[in-house]
Amino acid sequence: MASSNQNVGQETKADGRSRGGSVSIENSDVPRHLMPGSALTAKQDGEQAVCEAGPVLLAGQEDAERRRSSMSDLKMSDNGSAAFEKAALEQPRRSFHIPRKNKEKKALFQFMSLDSREFKEILKIMSSSYLDPSSGSTFSYKKASLIHSELLEKEFIEKRRELKQDGRTEKELEESYAFLLADPTKLNWICEKGLDIGHSRVTTLGKPSLGVYLSKHADLLQINPFDVGATGEIIIFKVMKGRIKSIYENMSKNILDPTPKFDCHVSKNSSRVTTLWSYRAFELTQTYFYEYVFDDIKKRPRHVCPYAVVSFMCQDKGSAPVPKPLPPPMSVSNSSDGGGGKGHFTVWSGQFLNKGNLICHADLKSDKWLFPPFKLPEKLDVGSVMALDQVKLKIPAAVFYRDTYNRQREVLKSGMYCSLFELMEKSKSGSSLPSVLQKLEKEKLVLVKPLEDKGFLFLLSSSQMVYNELKGEQLRCLQALFLFQEPRDVVKAANSSAKAAPQSTEGTEEIMPHLMTFIPALHYGLMKSQEQHFHTPNIAVGVASEGLPEESA
C-alpha cells in the first residue's frame, strides 16, 4: 500500500515535471476526495488569487485605457482648439471687413469746431499766406468747414499721376494753396462741382474764358482793400502749379492764350508787390490755371481742388496807429454848411450839371489847396460814367485811400499826380445831389470828366473811399479826384525850379515875404464879405474888417 502510494506520487511528480513543473490538479486522475489537504488548499488559494487578481488587472487596464484615451482626447482637443482658433482668425478675413463710411453719403461741408486741430491747421494756412503781416489783426475767422467732393479729389489725384508719368519734377508736383473770395450764390456749386473757366474778369495773365484766376495771398482777395466790418466767404483751394510760365502782364487788348505744355501763368512783376497798396497788387499776385487736353481746354482744371471754406470778418486794427492829418496852412473857421468839422477853403463855386441838367449849386473845397489844380468853368457838366472796378484797374489802389492825402496836397502814384477835393452843395433845397450819391453807391459807378493838360476829374461818393477812421465821422459828399501826368502844385514846382536854378548872392530880395499868408487871408476875407453881404464900394474895407493881418493889408 505504501509502495503503491509511492508510485503514484512519483508518477505525479514525473507528470508535473513533464508539464513544466506546474502541477495541474484538474487533469489529475486523483479523485477530489483523495487529494491531500495541502493540494486542495493550494487550489482554492489559486482560484481565490485569480479571482482577486482579475478585478485588479481589469482595473489597471481600464486606467491605462482611460489615460490613453484622455491623452488622445487632449491631443485632439489641443488640435481642435488650435484649428478652431485658426478658423476663427481666418474666417473674419474672408467674410468680415472694417466698416467704412459711404463717401457718397458724406456731407459736402464737414464743420470744424474752433478748438479742433483741423481749424488750427486752417488758421496756419491763412496766416502763412498773408502779404501784410499785420493782417492777422484785421481778419477774424468765425467758422470753417472742410470740403468733401469725391469727384474732384479723384480728379486731383489722377492729374498728379499723369503729371508724374509725364516726367514732372517733385517741385512741379508740390501741393500748395490758393484763395478765392466766393460769390455766395455760387459757393455750393464751386465746392461740389469745381471752379469752371470764365468765372473771373481779370485779363492780365490770360483769357478768363480759358482758365481760372486764384489769389496767392489770403489777405489780397479783391482789387479794393476790405472795409472795416466787411464779411464774406473764402474758398481755400489745394493746387499743383505744375510747369509755370512767367509772363509780363498784358496791358493791350490782345489777351494771351494759355501756353501749351504749361499748367499756369504768373506775373514776372509779382515780386514788386510788397504791400496791399502797391500798384495793381491784386492783379500781379494772381495765378492763372488752365489745362490742355490735346488741343482743347478743359472746362475745369483738375489741378485746382476746393479744400475748405472759411467765414471772415474785417475788424479795425486795434494796435495800428491811425495817421493824423497835418493842420491846414492857416486857421480858418468852419464853413457855414458844416464841412465835416474841419477848416476848408472854397476853391471853386458854380453849377454842377449832369448832361446839361442842373443837379445843384456846389462848392469845391479843400483843407490844403488855395486854388484848384485846373481852372474849372462856371458850369461843371459831367456826363460820362465808368464802373468803379474798371477805374481801379487803371489807376493805383492807393489813390482811393483817404489817408494818402493827409500829409501832402499832391501825391505821386505810378506816374500820376493826384489831389483830392470835396464837392459840396451850397443849398439843400431842391437839390438832386443825394440821389446822385445813392445811384453811384448802389451801382458802383464813378463820374468821369476828361480835362485839358492830359488830366481827368473823377467824382465818386465818399463811401467809396477807404478810411482808416470810422465812416460815421466822415461827411457824406462827392469826392473830386484830379489826376494829371504832370505836377499841378505850382508852389511845389516853383520851389523845385528854384532849387535847381543857380542862385546869385546879390540882389535877391524877397518881394512879398508874407505872400503865402496873404493869399489865404484875402480869400477868407472875400468869402466872409460875400456871406455877410457887405455893400461897400471899397472891398478892402470889408476884407480888413474881417481881421486881415496888418502886414498883409
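With hydrogens and angles left out, the side-chain atoms of Q286 and S215 include a donor and acceptor closer than 3.5 Å. A donor-acceptor pair shorter than 3.5 Å cannot be found between the side chains of S267 and N269. S278 and T275 share a donor-acceptor pair across their side chains, judged by distance under 3.5 Å alone.
Residues that satisfy the side chain to side chain contact (heavy atoms under 4.5 Å, CB included) test with E452, not counting sequence neighbours, are F374. Judged as a salt bridge (Lys or Arg N to Asp or Glu O under 4.0 Å), and not counting sequence neighbours, the contacts of E441 are R476.
Applying the salt bridge (charged side-chain N to carboxylate O under 4.0 Å, His left out) test to every pair with at least one member in residues 207-222, sequence neighbours left out, gives these pairs: K207-D257.
Ring orientation note: the planes of Y307 and Y177 are tilted relative to one another, at an angle of 30° to 60°. The aromatic rings of Y130 and F139 sit parallel to each other, their planes meeting at less than 30°, with 60° as the upper class boundary.
Among F458, F456, F421, Y405, the one residue that satisfies the ring-ring contact (aromatic ring centres under 6.0 Å, His included) test with F482 is F421.
In this structure, L459 and F352 have side chains that are in contact, with non-hydrogen atoms separated by less than 4.5 Å. A heavy-atom distance below 4.5 Å is found between the side chains of I235 and L187. The shortest side-chain heavy-atom distance between Y288 and L210 falls under the 4.5 Å cut-off. Here the side chains of F237 and I190 are in contact, with some heavy-atom distance below 4.5 Å.
Listed here is the closest heavy atom pair of E291 and R300: OE1-O, 4.0 Å.
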